[in-house]
J.: 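Here it is: the structure, laid out below.
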Amino acid sequence: MTCGIRPDVFYACGVPLIQRNVDPVIHRLQRALETGAPREEVTQALAAAESATESAAELSSLLRYRADEYIRAERMLERRRLMFAVACVVCLFATVVGGFGLATLDRMRALVDHQAEFDKLVTAEQWDQASDYLDQLDEATRTEPAFVRGREMVDQAIAREAERKAEFKRLADQMRSLPLADIDPEDVKRLNSLARSEEEIEFASEMLGKAEEQRLQREAARANDQTHEFETLQGKVDRFLRVESAELTDEARAARRFELQQELGRFAATHQLGNPELSEAAKQASKMLAASAERDQQQTDRDKLVDAITQAVGDSHRYTLAIEHFADSWPRDPLTQRLQRDAPSPKAIDTTLAWIDVLNHPGYRRPQLVDSAIAADWLATLRQAETLDPEHPLSGLATRWRTTYETIAGCDDVIGELREAFRSPLLNRIYVYPDPGGQVFYSEQPPNRTSQRAHLVPVLVNPMLQRETKNFGLRFRDDVLPGVTLSGHSQFAAKVSQSISDVTAVDFTPVAYRLIHELRTFQSDPEFDPIYRLIWMRRVLEIAVKGSVPIKLAFGDWLETLQAAQFDWDTNWLDTDPDDVDQLVQRTQAKRLIESVDDWDKRVERMLSEFKSFRRPRPPAPRWIGWVSMDGAKYQVVLNEPAVADPLVVFSFDAKTGRTKQVAIGPPQSSMSGRVTDPAAQQCGAMVCVLARPDSDSPDPQQGADQGG
């Protein structure tokens, strides 16, 4: 099958040689080859085509080959003509010599004819005919170099043509199997460039027409898409201006506006030439966004100043300065007018903060750890707040425990007094020496079985520690020494000495109660003398009520009863004459007074109740976390930290009376803000505090140990 030749394209083995608008230099070379121009003209045209930059890209290998073959063929023909002339001479000479070489001349002529016929087929790109022609030549002719090279060229051309047909068929089959909308226009162009036969050209032209129709449809759809795209963009802009601006944060709003402006800018630039009306509309929408940005910037500047007030909550100085800065920057703003009229003074704010400090003091928040130093520091904080406003709404929570803290503040001195009392020589190791006559003697001398003078014992005569020597005589070792033992009060002192040594203001109440309880119930052998026990009961109570409010509430009246009792407190209890009736009466009365308390359990319960009540963890102090602002005509709470479930209170200030009011407003509607509906709390600039709920399930870590004490 030969290659088809179209009037506008000349193909050789799938490669177009002459196309519409072909380069003039290439065209000149092609025309020279087609018209059979002289060899010199073809040589010049080939040199011009190879030297031109643009032409070199279009100069196909086949065209260069044809030109080279043409030039070689012309040179060969010239040589053949020369050879023919020489042959004629030779023929003449052969004729002269008898016709020598006639056969050789015929052979050369036949080769020239075969070459000329083969060149025609090649020039016409009739590759199949050229192949058949070569096959018809005799073996000797086919082995000529020119025909060997010709065979290679023909075989390559036939292979390329087969490839072209296969590619054309593949593209054609693919297009027949696909919907028209899915066909790639580039594939249609390639199909058109591969078409050679009339059938191929017809099919390629049909596909080219359909592709153009599809292109026109796409153009129309694209116009509709552009309109729809702009309408979508316009809808986004409208939604942003009407809805999203109010819902987004400042940062998110600016980012969203920038995103829309970028989309509008790209749309306007893309359709500036194709659809200028839509491009201009996009520019106008972008200007609307820019105007909204300017308005937002003004609002942002105002919101920043309002937020500065919120962020200053907790520091009265910064808070006041932030309000003043807002008023200076926005003098005509309604919020400025309300703040200038209603905002509490720095002194009023400091007063509330001072009382919050009282309730937030470690000594108040953790009473189970309060010692004398902490109590004194808390009292100083309390007095400072009272100098500002002794009738503040928060004062009642604090002053409930004033007496207890004052007592604890002086407890170190009380502990010193207690320890000093127990340093009495009478509480040292005092021994009881029983006399065979029924009397007993108290001595600091421990019993001695080895001394020759052990029967001579220095004994105490009276509580003033006067001493005299008692001579127990010969019966000492047998009748006295075996009965000598540590006195009851010395045993008592030894039992409680460690507690007295370790006692602090933190645990003074349980330690003092233990002393009272031990004095009342202590059992020993020999007996703790009742008179001396009663004397110590009164002394311990006198010290304990000065260092413990719970003990004073429980046993203060009993101490008064003891102090008012008709009892001879100066009785010499060291004189144990069994015949002394007055001594017997005094000891009996002492026992009765010690045992006179018949509601002991109730007193202990009262003491423990007061003790645990004081030491129970206190609710958290109010915490200043916001202020009362204005949203249009409505009052609202603005917070600087989330508060969802905890109740809020407003500390409003009445400038006329100089009094602060505490108004509960409940939890906020959202975590950071809420409406203020109570008229008593509607004061711009007023402090808003959160009242954190106490954790009622958290036990006092010291409570169990204290109760055990």
Side-chain angles (χ1 to χ4, degrees), residues 414 417-418 421-422 424 426-427 430 432 434 438-440 442 462-463 485-497 499-500 503 508-611 707-709:
V414 174
E417 184 178 352
L418 178 66
F422 271 83
S424 169
L426 287 172
L427 291 180
I430 304 298
V432 177
Q439 191 174 1
V440 296
Y442 293 88
N462 54 46
T485 185
L486 192 65
S487 66
H489 58 268
S490 293
Q491 295 181 45
F492 166 76
K495 183 176 183 179
V496 301
S497 62
S499 297
I500 295 172
V503 67
F508 180 80
T509 294
V511 171
Y513 171 70
R514 181 187 175 193
L515 293 177
I516 297 170
H517 179 70
E518 287 288 347
L519 279 170
R520 181 170 179 266
T521 62
F522 186 75
Q523 301 291 325
S524 64
D525 185 19
E527 179 187 22
F528 191 160
D529 186 89
I531 296 176
Y532 195 34
R533 184 196 296 240
L534 181 62
I535 292 172
W536 265 107
M537 180 66 79
R538 185 182 70 164
R539 182 62 179 140
V540 169
L541 283 174
E542 288 174 344
I543 296 174
V545 297
K546 290 190 292 184
S548 171
V549 170
I551 289 181
K552 184 175 182 179
L553 290 175
F555 302 106
D557 61 333
W558 186 37
L559 173 61
E560 293 174 358
T561 300
L562 294 180
Q563 291 173 334
Q566 298 298 318
F567 184 79
D568 185 3
W569 297 99
D570 295 325
T571 298
N572 183 9
W573 58 273
L574 293 171
D575 183 4
T576 60
D577 184 359
D579 296 330
D580 189 339
V581 177
D582 291 338
Q583 285 276 5
L584 180 60
V585 171
Q586 289 294 320
R587 284 184 171 84
T588 302
Q589 185 180 2
K591 289 181 179 180
R592 186 174 64 252
L593 287 174
I594 291 176
E595 298 172 356
S596 63
V597 182
D598 56 0
D599 59 346
W600 186 267
D601 291 340
K602 291 184 178 179
R603 291 175 181 273
V604 173
E605 183 178 350
R606 187 185 312 156
M607 178 196 68
L608 289 176
S609 176
E610 179 67 14
F611 179 69
Q707 289 185 33

J.: Once side-chain contact (heavy atoms from CB on, under 4.5 Å) is applied, do any residues pair with Ser499, and if so which ones, sequence neighbours excluded?
T.: Val511, Arg514
J.: Only pairs at least two apart or in different chains count here, so list each salt bridge (Lys or Arg N to Asp or Glu O under 4.0 Å) that has a residue in residues 521-532.
T.: Glu527-Lys591, Asp529-Arg587
J.: Suppose we screen for salt bridge (charged side-chain N to carboxylate O under 4.0 Å, His left out). Which residues come up paired with Asp557, at least two apart in sequence or across chains?
T.: Arg603
J.: Less than 4.0 Å between a side-chain N and a carboxylate O, is that true for Glu542 and Arg539?
T.: yes
J.: So Val496 and Leu519, do their side chains get closer than 4.5 Å, heavy atoms only?
T.: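 Result no, sub-4.5 Å side-chain heavy-atom pair not found.
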J.: Evaluate the ring planes of His489 and Phe528, with Trp represented by its six-membered ring, and classify them as parallel (under 30°), tilted (30 to 60°) or perpendicular (over 60°).
T.: tilted
J.: Using the test side-chain contact (heavy atoms from CB on, under 4.5 Å), find all partners of Lys552 that sit at least two apart in sequence or belong to another chain.
T.: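 Here the qualifying residues are Val545.
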J.: Run the ring-ring contact (aromatic ring centres under 6.0 Å, His included) test against Phe422 and tell me which residues pass, sequence neighbours left out.
T.: Trp536
J.: What residues, two or more places apart in sequence or in another chain, satisfy side chain to side chain donor-acceptor pair (under 3.5 Å) together with Glu560?
T.: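 Not a single residue meets the side chain to side chain donor-acceptor pair (under 3.5 Å) criterion with Glu560.
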J.: May I ask you to test the Leu608-Pro550 pair for a side-chain heavy-atom distance under 4.5 Å?
T.: no
J.: Answer yes when Glu417 and Lys546 have at least one side-chain N-carboxylate O distance shorter than 4.0 Å, and no when they do not.
T.: yes
J.: Among residues at least two apart in sequence or on other chains, which ones pass side-chain contact (heavy atoms from CB on, under 4.5 Å) with Asn462?
T.: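 With sequence neighbours excluded, Asn462 shows a side-chain contact (heavy atoms from CB on, under 4.5 Å) to Met464, Gln466, Asn572, given in chain and number order.
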J.: Side chain to side chain donor-acceptor pair (under 3.5 Å) with Gln491: which residues, sequence neighbours excluded?
T.: none
J.: Sequence neighbours left out, what passes side chain to side chain donor-acceptor pair (under 3.5 Å) with Glu518? Give chain and number order.
T.: Lys495
J.: Could you work out, with side-chain contact (heavy atoms from CB on, under 4.5 Å) as the rule, every residue matching Ala590, not counting sequence neighbours?
T.: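 Scan of Ala590 (side-chain contact (heavy atoms from CB on, under 4.5 Å), adjacent residues dropped) gives Pro530, Ile531, Leu534, Phe567.
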J.: Which residue pairs pass the ring-ring contact (aromatic ring centres under 6.0 Å, His included) test with at least one member in residues 537-557, sequence neighbours excluded?
T.: Phe555-Trp600
J.: State, yes or no, whether a side-chain contact exists between Phe492 and Arg533 at a heavy-atom distance under 4.5 Å.
T.: no
J.: Residues two or more places apart in sequence or in another chain: which of them pass side chain to side chain donor-acceptor pair (under 3.5 Å) with Thr576?
T.: none
